[in-house]
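Scope of the values below: all heavy atoms of this structure, side chains included, with no hydrogens, waters or symmetry mates. Throughout, numbering of the chain's residues begins at 1 and tracks the sequence. Counting convention: from 1, in listed order, for ligands and their atoms alike.
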Amino acid sequence: MPKQNRIDLGSIRAARARIADAVRDTPMTRSMPLTELVGTTVYLKHEHRQTTGSFKLRGATNAVRTLSDAQRMRGVVAASTGNHGRALSQAAKSAGVQATICMSRLVPDNKVSEIRSLGGEIRIVGKSQDDAQEEVERLVLERGLTMVHPFDDISVIEGQATLGLDICAGLSEPITVLVPLSGGGLAAGVASAVKNLDPRSKVIGITMENGAAMHASLAAGRPVQVEEVPSLADSLGGGIGLDNRWTFEICRDLLDDVILLSEDDILAGIRHAFVVESEIVEGAAAVGIAALLAGRVTTHLPIVSILTGANIDRDVHRRLVAPATSQG
Ligand SMILES: *Cc1c(COP(=O)(O)O)cnc(C)c1O
């Protein structure tokens, strides 16, 4: 099959209108230091300032707002304690839909209370993420709740695609977009939008070298599992699903490259964001900057690096950005 863009602009524009009152169009600024370093204009898209602290609100809101009336009545469910769980809780609340977030007993209290304060109903079960996911499946079967997947769902991908639309709205030339890559919902959506608007534009996925499930899957030609390793970019962990329906093929067809970074690279990205750009971002959000600092991006086009999230523990962040002499 020829390379093709499966998600058309019409459905992305419809998603943009559907989520408009719930989602901010976050600022995009030019970074002078990175522009000087790289030699082509570098913009930072400040999506870490999105409500709930990440872009995931776009996809979750679009998913909740495309439910049927019967589905809305019964509610939605997910097992994520991270950015997707926060986003889904907020998206459901703003649509008057009940969200249930399943998590294990090992999830720290502060994460539990954050999600509760965003309106999610918490169900604490078992001792692992797998136990929580089993509970999700039970609630889908027994109570008819709708599971909202963090990335492999067409309405979630179309919601994330609205970020590509917003980026291009401020620019009139082809661009190279640097997209943090995990399950690929963001990369699939942004690439669909950006390449529909200008096929000369490039989209590069960026992730950590340890546990990069999408990269390994693209190399193998099919979804594969990789061993999970702790990373500073914790929001990029997890697999793409052996039964992946959407993001594997869209990323295969639309991404121009995938760049893998070391933990030291990612740390340098977090530090640059804070010290030079005055932005507090989580590891996953710093990978675009990190790739530029490491000299890994070659393009003559203007670059847009998406800062995807701000949800990093403040004490951890303080330690990471502290000068080497005062560390420990
Ligand atoms: C989820 C997430 C990503 C990766 O998005 P995918 O759609 O899973 O590829 C990147 N950055 C942050 C902050 C996230 O929460």
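Around CZ of Arg143, the count of heavy atoms belonging to other residues, nucleotides or ligands within 6.0 Å does not exceed 12.
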Between ligand 1 and the protein, find all N/O pairs closer than 3.5 Å and give the distance for each.
| residue | atom | partner | partner atom | Å |
| --- | --- | --- | --- | --- |
| ligand 1 | 7 (O) | Gly185 | N | 2.9 |
| ligand 1 | 7 (O) | Leu186 | N | 2.9 |
| ligand 1 | 8 (O) | Gly183 | N | 2.9 |
| ligand 1 | 9 (O) | Ser182 | N | 2.8 |
| ligand 1 | 9 (O) | Gly183 | N | 3.3 |
| ligand 1 | 9 (O) | Gly184 | N | 2.8 |
| ligand 1 | 11 (N) | Thr308 | OG1 | 2.8 |
| ligand 1 | 15 (O) | Lys56 | NZ | 2.7 |
| ligand 1 | 15 (O) | Asn83 | ND2 | 2.8 |

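A side-chain donor-acceptor contact under 3.5 Å links His149 to the backbone of Asp152.
Gly159 approaches Asn62 most closely through the heavy-atom pair N-ND2, 3.7 Å.
Side-chain rings of His48 and Phe55 stay apart, their centers remaining 6.0 Å or farther from each other.
Residue Thr100 holds its OG1 atom at 13.5 Å from CE of Met147, rounded to the nearest 0.5 Å. Atoms NE2 and OG, on His272 and Ser31 in that order, are 5.0 Å from each other to the nearest 0.5 Å.
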